[in-house]
Amino acid sequence: MTVPYYAANAGVTMKVLKEQAVLGVSLSDILYTERGQAAVYYTNQDFSFKRRGDSRILRFSFTYKLGDASIAKKKARENASKSELERAQ
């Protein structure tokens, strides 16, 4: 026999620094409901356990894009134009 296993998690991200960076924060197991429980009944053996660990985790993240993003966009446009020209011929 086991009990259901569930947890509620949430997170938010926001672009900053002219959209070159992303700040994020997330929280795991907001309601502190993540726990485990099981019971085993077998011939002449009955045992069970309950587990409740520290499951709440707060995470902060920062991601920064390196390099010049306009170069990749220009190259993508050039490749698209080239493929259109080849298709037209």
Side-chain angles (χ1 to χ4, degrees):
M1 174 182 90
T2 60
V3 296
Y5 179 82
Y6 57 93
N9 306 315
V12 178
T13 60
M14 179 175 59
K15 292 183 180 183
V16 294
L17 300 175
K18 298 180 184 176
E19 297 193 1
Q20 285 292 106
V22 178
L23 285 174
V25 63
S26 66
L27 180 61
S28 299
D29 197 16
I30 296 169
L31 304 175
Y32 199 46
T33 55
E34 185 179 321
R35 61 186 82 150
Q37 179 177 343
V40 177
Y41 305 107
Y42 192 66
T43 57
N44 298 327
Q45 296 180 17
D46 296 342
F47 61 92
S48 63
F49 74 89
K50 293 182 181 181
R51 178 197 58 83
R52 183 170 193 150
D54 189 10
S55 56
R56 284 187 179 166
I57 300 171
L58 179 63
R59 291 182 179 94
F60 295 98
S61 63
F62 178 79
T63 306
Y64 188 78
K65 298 177 187 176
L66 298 173
D68 190 0
S70 64
I71 293 172
K73 290 178 183 176
K74 182 178 178 184
K75 188 174 182 179
R77 282 195 304 269
E78 289 173 358
N79 288 341
S81 299
K82 186 178 179 181
S83 67
E84 286 296 322
L85 287 173
E86 290 173 358
R87 203 176 313 158
Q89 292 175 358

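Heads up: numbering here begins at 1 and tracks the sequence.
- What you find for A10 and I30 is that their closest heavy atoms are CB-CD1, 3.6 Å.
- Taking NZ of K15 as the reference point, atom CG of L23 lies at 12.5 Å (rounded to 0.5 Å).
- For the pair D29 and R56, the tightest heavy-atom approach, listed with the atom from each and the gap, is O-CG, 3.3 Å.
- At least one side-chain heavy atom of F62 sits under 4.5 Å from a side-chain heavy atom of Y64.
- Under the 4.5 Å side-chain heavy-atom criterion for Ile, Leu, Val, Met, Phe, Trp and Tyr, I57 and V25 are members of distinct hydrophobic clusters.
- When every heavy atom of N9 is checked against every heavy atom of S28, the shortest pair comes out as OD1-CA, 3.2 Å.
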Residues 43-50 side chain polar contacts: donor-acceptor under 3.5 Å, at least two apart:
none

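- Contact between Y32 and D54 at its shortest, heavy atoms only, is OH-CA, 4.4 Å.
- There is a path of hydrophobic side-chain contacts, each under 4.5 Å, that joins L27 to L31.
- Nearest heavy atom pair, residue T33 against residue A7, reads OG1-CA, 3.8 Å.
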